[in-house]
Amino acid sequence: MAAAAAVARSIVRSGVLPLSRRPPAWGRAAQQPPGLPLAPARAFSNNKILVELDESSGFATMKFKSPPVNSLSLDFLTEFCISLEKLENNRACRGVIMTSAVPKIFSSGLDITEMCGKSAEHYAEFWRAVQEMWLLIYGCNMVTIAAVNGSSPAGGCLIALSCDYRIMVDNPKFSIGLNETQLGIVAPFWLKDTFVNVVGQRIAERSLQLGALHPAPEALKLGLVDELVPEEKLQERAVAVMAQWLALPDHARQITKSMMRKTVLDRLISHREEDIQHFISFNSKESIQKSLRMYMEMLKKKKKSG
Amino acid sequence: MAAAAAVARSIVRSGVLPLSRRPPAWGRAAQQPPGLPLAPARAFSNNKILVELDESSGFATMKFKSPPVNSLSLDFLTEFCISLEKLENNRACRGVIMTSAVPKIFSSGLDITEMCGKSAEHYAEFWRAVQEMWLLIYGCNMVTIAAVNGSSPAGGCLIALSCDYRIMVDNPKFSIGLNETQLGIVAPFWLKDTFVNVVGQRIAERSLQLGALHPAPEALKLGLVDELVPEEKLQERAVAVMAQWLALPDHARQITKSMMRKTVLDRLISHREEDIQHFISFNSKESIQKSLRMYMEMLKKKKKSG
Amino acid sequence: MAAAAAVARSIVRSGVLPLSRRPPAWGRAAQQPPGLPLAPARAFSNNKILVELDESSGFATMKFKSPPVNSLSLDFLTEFCISLEKLENNRACRGVIMTSAVPKIFSSGLDITEMCGKSAEHYAEFWRAVQEMWLLIYGCNMVTIAAVNGSSPAGGCLIALSCDYRIMVDNPKFSIGLNETQLGIVAPFWLKDTFVNVVGQRIAERSLQLGALHPAPEALKLGLVDELVPEEKLQERAVAVMAQWLALPDHARQITKSMMRKTVLDRLISHREEDIQHFISFNSKESIQKSLRMYMEMLKKKKKSG
């Protein structure tokens, strides 16, 4: 998608994400000894995301491994965007499965500590990275499949919603949804648009207002995820679905995907700075800061008592 | 919602609805003797709508009591708008349940006598009041729940569709829908938009063209109402749902609601006068007047034979 | 619908479709001997479409009879548009049932031979005719019912999607869908819009990307068709549904239909030439020509081996 690529370039230029396209790590990888018998997959690790690329089958797996809850800190977001961009720029990679390496949680969503007691500059940088993650996933040329193996509130749900297909572990203890209102905050308009594109206006209106977290079986009924599988079958099923999607010619599939998502992508692209300013001013309100602090206290107490 | 508030103000200015914000009646209510033991709820009655506000639980009930069928006359609409505005401006009230005090009917919709053989000025005043009712409900900051305890065609369905949540009595004899085409008339674009926002484009297209009235079980299947309950459980269930919605912080919920409904609200707000002119010219056509007269005759005969 | 009518006129003017409104054939028909006892229906045949008009019940049946697979050649499209226009201009005709006279296939969609190895002028003429067919069906004032009695990929699905109501034979061997991506091509934006209007954004996004052909029972589940009936009941059921729709006053139903479809119709009407240019340049690409040739080869082999 030209839009997302342009955005990525502008970010490189603006220095937010110091990407170097086709980075040396990938170049070097091509020089690995050809005879390694049992290693068809290459892995490169950074701090928070493990990426495994299987060049023979043409897709990668991104595993979130930022315990305890894969929260979307600025570091996580930056690494996420760099990793996804690398894959997008690698011709050997046509698809990505996103999943968690942390038990019971897919991602807990935005890291509240990044939103509390920081400077406006920090909020701007953080929100730009959140936008960027969404732009890169929602506008991704590759096939994107979310293998949701744990709870997935707010920003975790954002990641899943932005993929092409969502498979969730069939466990009613795992829930997914946009629960922002419960924290006294509001999902941004582009996340709302993404949600509407998946579940429709009516379900989105009700679910967003209530800040609902839907247990897996309910999420399936609402169309928030596409299918449920037993946990031990998740990886296998994600690979099978990926194979089905990769059977299509990339070019026609990509143009079709772009056609379906362009309106919603363009809305953020043309209002990106306004959206950042809006986030800063809303988030800086004392009432919002207070409710975020209360929420963090509650989480800490939960942890201690848990 | 700023939009609806602005509209309400413009109406006040234009003198259509002589509202005085925070009217004396409410002011006086605050002075009632504090010791009245069994009266947590205050009721104020006007001609066609009974409003009961339970300040302790923070929500009101509006009961339509305009027999025989709660038709939306200009008087009904005016009282409805004034009542809802009063509640919206009362900080003690965070939600409204709308229901009927007339057996077997929620509301029969627009009062056809207001649309027959009257002047263009009258049509303009009437249609402005219809628009106003919709703007106030659809843009309401409070949580709005329709407890649909009887049939709900056309304008009755409009009221239910504009609420946040719809509970209907589980009785297949009660039906709900936008049956305008059956009378030879057409639902306005903003009612169509509201309908699409609830049931989606496809169901709306078919149902609107056929002027379909859906029995309660079918309405549930189509998503036109959210749940069915036995008649004797309706009030109890509406209160429980209200409690669930009121558990959310008002501010975040209101912004979210506004975000979901703004496009559709703005479309009428920016074309309101055109919509009135369109109504006048369409409604004044001899062919339309004729079919409305025939419909009224039919209703009269039904009444006599019934 | 004014829009579609205007388009039709512009075509007449531009000479693409040499329509003469109220053509002599129909004039003559009015002069047929009044006493013919068992012929309430009049049929006029052209090469590829059989039209039967039953003036007493007020609707016509268009039967596609272009073996082997009712592919949408330029000739077929031209005849289709002329036939539908004739019916639209005949006051005795208020509805059309579209069905196939060829066993097992409704329509196989666009005739690939029209898209391969031809001149830019030919592509322009062909694509204009494809657009025209859609504009005429989707903007049709008459009630349109698709009686889908066989498989219905791509352009066949376009015809069904553009009708008011879709009844399909309950046979899992018959499938329906927009499988363009499987051929390496992309459905035009207005067909995507039509699809979204029927099945919603999410199902459309997934189905279009995968180029999915849905067996009849799955098509019903997705809302791609409205009901399934045994093959021997199809005609009877289509007639019953037609009667239900014709019970509504034409004028109100037509305005309602136009209100529901106007946005999507207008999008093509105001970008029609761009859409043609886009088709020419995309279709003329060597990569696309190659994949269309391969597809045709595959079809030929299938035929020989079948």
Side-chain angles (χ1 to χ4, degrees), chain A residues 1 94-95 137-146 160-167 192-204 219-227 240-266, chain C residues 110 115 154 157 177-214 218 221-223 263-264 267-268 271 274-275 278-279 281-283 285-295 298:
Chain A
M1 229 140 293
R94 302 168 57 218
I137 312 177
Y138 204 61
C140 190
N141 271 316
M142 296 179 288
V143 173
T144 48
I145 293 174
L161 284 172
S162 307
C163 287
D164 292 316
Y165 197 82
R166 286 157 286 285
I167 311 169
K192 179 269 286 179
D193 289 343
T194 309
F195 197 32
V196 169
N197 270 357
V198 173
V199 298
Q201 173 81 15
R202 171 58 191 152
I203 290 171
L220 179 69
K221 239 184 248 169
L222 298 177
L224 180 45
V225 297
D226 295 299
E227 57 177 297
V241 171
M242 180 59 81
Q244 185 197 5
W245 284 67
L246 291 182
L248 279 296
D250 282 337
H251 190 61
R253 186 191 49 71
Q254 288 161 0
I255 297 175
T256 302
K257 180 173 178 176
S258 170
M259 179 168 66
M260 298 302 300
R261 299 188 166 191
K262 194 177 184 315
T263 311
V264 164
L265 282 165
D266 285 352
Chain C
L110 301 189
M115 296 166 65
C157 181
L178 297 172
N179 61 326
E180 279 79 352
T181 55
Q182 296 219 18
L183 285 68
I185 59 177
V186 176
F189 72 89
W190 41 272
L191 178 51
K192 179 268 288 179
D193 288 344
T194 309
F195 197 32
V196 169
N197 270 357
V198 173
V199 298
Q201 173 80 15
R202 171 57 192 151
I203 290 171
E205 187 184 290
R206 179 175 160 193
S207 183
L208 266 182
Q209 283 198 70
L210 291 172
L213 290 174
H214 306 286
E218 188 178 294
K221 238 183 250 170
L222 297 177
T263 312
V264 164
R267 211 172 296 162
L268 175 58
H271 293 93
E274 279 166 71
D275 184 54
H278 179 264
F279 173 75
S281 75
F282 185 84
N283 192 66
K285 281 183 189 169
E286 187 40 40
S287 59
I288 300 301
Q289 287 290 310
K290 195 179 156 187
S291 64
L292 294 176
R293 280 193 307 265
M294 280 170 58
Y295 187 74
M298 194 194 73

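Treat the numbers as computed from the prediction; the structure is a model and nothing was measured. Labels below follow one simple rule: chain letters A, B, ... track the order of the sequence lines, proteins then strands, and each chain is numbered from 1.
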Between Ala252(A) and Thr181(C) the two heavy atoms that sit nearest each other are O-CG2, 3.8 Å
Nearest heavy-atom approach of Phe189(C) to Met259(A) is CA-SD, 3.8 Å
(Q) Are more than 12 heavy atoms, taken from residues, nucleotides or ligands other than Met294(C), located less than 6.0 Å from that residue's CE atom? (A) no
- Heavy atoms of other groups near Lys285(C) NZ, more than 12 under 6.0 Å: yes
- Task: Could you give me the CA-CA distance, side-chain angles and deciding distance for Arg202(C) and Asn197(A), then say whether side chain to side chain contact (heavy atoms under 4.5 Å, CB included) is met?
- Result: CA-CA 6 Å; Arg202(C) 171 57 192 151; Asn197(A) 270 357; over 6 Å; no
Ranked by heavy-atom pairs below 4.5 Å to chain C, first place among Val143(A), Val199(A), Asp226(A) goes to Asp226(A)
Next item on the list: Start with the C-alpha gap between Gln201(C) and Val196(A), add the side-chain angles, then the distance that decides, and say whether side chain to side chain contact (heavy atoms under 4.5 Å, CB included) holds.
Entry: CA-CA 9 Å; Gln201(C) 173 80 15; Val196(A) 169; over 6 Å; no
Distance col, row His251(A):NE2 vs Phe282(C):CZ, nearest 0.5 angstrom, shows 5.0 Å
If you tally heavy-atom pairs under 4.5 Å between each of Gly200(C), Gly184(C), Ser291(C), Gly211(C) and chain A, the highest tally belongs to Gly184(C)
Of Leu208(C), Leu178(C), Leu210(C), the one forming a side-chain contact (heavy atoms from CB on, under 4.5 Å) with Thr256(A) is Leu208(C)
